[in-house]
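Values reported hereafter were calculated over all heavy atoms of this structure, with side chains retained and with hydrogens, waters and symmetry mates removed. Sequence lines set the chain letters: A, B, ... in the order given, protein chains first and strands last, and positions in each chain run from 1. Note that this is a predicted model, so its numbers are computed, not measured.
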Amino acid sequence: MAKKIVLIDGHSILNRAFYGLPDMTTSKGEHTNAVLGFISIMFKILDEEKPDYLTVAFDTNHPTFRHEMYAEYKGTRKGMPEELREQVPVMKEVLKAMNIAILEKPGYEADDILGTLATRAEEAGNQVSLVSGDRDLLQLASDKIKIRIPKTKRTGTEIEDYYAQDVVERYHVTPKQFIDLKGLMGDASDNIPGVPGIGEKTAGKLIESYQSIENIYQHIDEMSPSKVTTSLKENREIAFLSKQLATINTNCDLEFKIEDATLGNLYNEEVYLLFKRLEFKSLLSRFQTEEVSHTTGIEKNFQWITEPGEASQIFASIQDKVAHPIGLQLIFENDSFLGLSLCKEEENIFFIQCDERITKEYLTISASHLARKGYLTSVIGLKEQLTYLKVTEKDNMFDASVAAYLLNPLTDTYHYDDIARDYIGLTVPSRDDLLGKNSLVSAMNENKEAFLSYACYSAYIAFRSAEKLRDLLFRAGMQQLFETIEMPLIYTLHDMEVRGIRVNKDALREYGDNLTVGIDKLEKNIYELVGEKFNINSPKQLGVILFEKLQLPFGKKTKTGYSTSADILEKLQSEHPVVAMILEYRQLTKLKSTYADGLAGYIQADERIHGKFHQTITATGRISSTDPNLQNIPIRMELGRQIRKVFIPEENYVFLDADYSQIELRVLAHMSGDERLIAAYREAKDIHRITASEVFHIPFEEVTPAQRSSAKAVNFGIVYGISSFGLGQDLNITRKEAERYIDKYFQTYPNVKAYLDRLVMDAKELGYSTTLFGRRRPIPELNSSNFMQRSFGERVAMNSPIQGTAADIIKIAMLRVNQKLKEGNYRSRLILQIHDELLVETHKEEIEQVAKIMVEEMQSAAELSVPLEAEVKEGNNWYEAK
DNA sequence: CCTAGCCCT
DNA sequence: TGAAAAGGGCTAGGT
């Protein structure tokens with residue numbers, strides 16, 4: 001039976017897509033427009049044709065017979081811009097992930113490979129679609145071979161189709177005669193010469209009359225003399241050479257059998273992850289629709305329980321089952337507790353609904369008992385469930401989300417469907433697939449089937465994934481990290497969220513009102529100074545005012561227009577008095593919108609803000625804070641710093657705030673083993689000053705403030721994964737000078753240099769970097785063919801172990817502080833962590849003991865070859881305690 | 001929904 | 001030569 005075959009000219013389509021679509025980059029700067037365009041074209045064709053076979057041919061760098069015939073021959077790969085060139089390997093990566101056969105053979109161009117395959121397939125009676133942006137391929141058109149020429153437009157992809165008949169209609173020549181046309185006309189893009197004086201029109205007429213170049217020359221003497229005939233006579237060799245160059249070789253020596261190009265599953269996990277990495281958001285929906293369409297067959301095991309007797313039987317039955325983890329999920333939304341789902345074996349997955357007979361207390365107590373009895377109870381997202389689930393770090397809980405985060409901290413969500421996909425190889429419908437934007441409450445009443453699936457999948461995946469995740473953690477050497485740091489930390493973070501931080505609402509309002517006064521004044525002055533009203537908050541409008549109306553010199557442009565960022569404006573302050581006002585306006589509006597107004601919206605009835613702390617967000621192991629972010633409260637500028645006065649302890653309490661001193665540099669000293677750096681820290685003096693003194697060879701006492709601040713910048717640079725460019729920008733010096741600073745630094749601390757080099761090398765070999773406590777961060781960028789990407793990977797390889805180890809250490813300190821406070825029955829509570837700082841709301845009778853606990857636990861959290869210093873301060877608000 | 005801009009360690 | 005110095009989150013404007 002005739003098969004359908006699609007053959008794609010790889011470089012040609014990439015080219016089309018590249019020039020047809022606006023430039024696109026991922027958030028990391030990887031160009032992706034050609035790849036996206038290629039895939040869009042390919043999907044469109046596959047959707048239309050549903051072919052049996054698909055293969056993509058690429059040109060190689062090797063010379064072909066055309067180069068041998070004609071030295072000036074160009075071919076498609078020459079002169080490719082870097083933004084396109086870097087996309088070629090990415091494109092191949094995508095095709096490989098889709099299991100699409102890639103064909104390339106030294107000595108042949110893609111055209112020749114495609115021509116050969118098309119001809120063979122045609123002879124075997126098959127239907128062929130040849131996809132290319134290059135009209136040269138029209139010479140291959142027949143009644144079985146269709147040439148498809150896609151055009152990428154902003155509105156989508158349109159495809160022109162040519163069977164032999166269409167070629168004749170459109171160009172008035174047969175496909176074969178297309179070669180003769182090109183022989184006469186030449187082709188500038190391939191550097192194929194044409195006969196001078198002959199363009200598209202003349203060539204067309206000649207071939208229409210004489211059919212071929214050979215025939216033209218047979219009858220050349222009969223033709224009436226003209227410029228054209230003279231040129232033809234003079235350039236006979238060019239015409240024949242060009243015809244040969246333009247002829248596609250349909251007889252290549254290929255081992256390849258078309259059966260090798262059988263289409264498999266394009267929508268697999270690898271492709272999904274790749275598209276995610278490339279940020280092809282619009283294409284991800286294709287996966288979701290595929291995912292939803294096939295069910296897992298597990299749904300038949302889902303049961304909705306409403307009978308108290310059955311519920312108690314289910315809990316009782318778990319007594320017999322100790323060997324395997326239990327999957328559990330409490331189902332709730334805001335303040336309504338709806339029930340819980342439970343899975344102890346593949347065949348029986350229950351949702352037990354909460355109602356008058358099966359009470360919330362009964363369910364939560366029964367659920368909490370499971371873990372307390374010692375069965376490993378696996379949940380997805382423990383911290384959130386602790387509102388109802390009364391278990392502690394001593395109980396035998398397992399959080400699959402946190403486990404999955406440790407195994408790969410680079411993804412953004414760790415929901416049950418993510419875990420199913422990544423660790424069980426199972427595609428299950430996500431919450432969004434099942435319930436969309438519906439609330440759980442409404443789904444439970446109106447969309448029972450989807451609701452049951454949502455509830456039960458969660459417990460089922462928790463059940464199914466636990467052992468696998470545990471095994472992977474063990475193999476990666478992260479079991480201890482998981483069990484002794486990450487799992488216990490869940491409870492600590494939950495405690496912090498519950499406790500929250502008290503805010504003086506009136507003081508906050510007053511702070512905001514004062515800002516408004518200042519903002520209004522500035523606004524008026526700015527309008528007066530520039531002579532018109534505009535939206536100062538709009539970088540676009542501001543750019544027009546500053547750089548067009550006022551004609552200020554613009555430093556750099558962003559994708560969208562002029563840059564009006566603070567560092568640009570700072571340099572422009574002397575040019576016009578309005579610039580300083582705009583900077584101040586920015587400062588004030590930032591404080592007003594994000595902090596004064598922003599924070600006010602989070603104050604709860606208990607006068608406190610209960611922000612969230614996230615454990616599964618950062619790539620390095622730090623925690624993050626949202627709703628609101630309490631880790632970025634202003635401190636640098638005095639006006640901003642004032643806002644810390646509104647954060648206050650409750651009556652009879654004070655704040656104790658303890659900071660690590662230079663924890664990351666100390667970690668670096670320890671991990672690098674650099675004797676000189678270690679010695680510097682043992683002196684326990686101003687480290688930036690020591691660095692300046694040693695790097696610039698000046699006595700400690702004679703270091704100038706400028707030298708100290710340079711050294712400080714270098715120290716930061718080292719931690720961030722040094723680059724002369726970045727350091728230069730930070731210090732406002734040339735790249736060359738920055739380079740010299742870095743060299744001097746590495747001369748002073750040679751083992752730091754050796755250590756950083758080793759970090760990069762090891763990470764390149766392993767594909768990930770590791771902290772002192774075994775935390776991993778994958779660094780796929782290290783293998784990128786893109787210089788920028790790779791450099792980024794190298795900096796990440798230097799930074800992650802340092803930042804990550806510091807994060808590990810403070811997590812340990814948090815756990816121990818929290819534990820001591822609870823065990824010692826203190827009234828004081830840990831309420832914030834800001835990366836190297838802990839804030840404890842401390843009862844006035846406990847100040848001395850708590851201060852001691854904080855400093856001791858922080859300093860002893862890790863045993864390094866340099867001391868860990870922590871300093872604690874006391875205050876009646878957060879401003880005073882810093 | 002993205003971006004420019006800016007707050008923190 | 002060029003070129004995101006690491007890790008985060010929030011707001012406003014503009015599509």
Legend entry - For atom CG of A:Leu591 and atom P of C:dG9, their distance in whole Å: 20 Å
Legend entry - d(CG, A:Asn537; P, C:dG13) in whole Å: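 Interatomic distance, CG of A:Asn537 to P of C:dG13: 5 Å.
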Taking 4.0 Å as the cut-off, does a side-chain nitrogen or oxygen of [X] come that near to OP1 or OP2 on [N]?
| X | N | result |
| --- | --- | --- |
| A:Thr589 | C:dT11 | no |
| A:Arg777 | C:dG7 | yes |
| A:Ser538 | C:dG14 | yes |
| A:Ser624 | C:dG9 | yes |
| A:Arg735 | C:dT1 | yes |
| A:Ser563 | B:dG5 | yes |
| A:Arg622 | C:dG8 | no |

Could you measure between the two [atom1] atoms, the one in [N] and the one in [M], and give it in whole Å?
| N | M | atom1 | answer |
| --- | --- | --- | --- |
| C:dA3 | B:dC6 | C1' | 22 Å |
| C:dA4 | B:dT3 | P | 15 Å |
| C:dG2 | B:dC7 | C1' | 30 Å |

Inset, instruction - Could you work out which one of C:dG7, B:dT9, C:dC10 sits closest to the side chain of A:Phe792? - result: C:dG7
Inset, instruction - Give the nucleotide from the list C:dG14, B:dT9, B:dG5 with an atom nearest to the side chain of A:Ile635. - result: B:dT9
Legend entry - Identified side-chain contact (heavy atoms from CB on, under 4.5 Å) partner of A:Thr805 from the options A:Leu772, A:Thr770, A:Thr620: A:Leu772
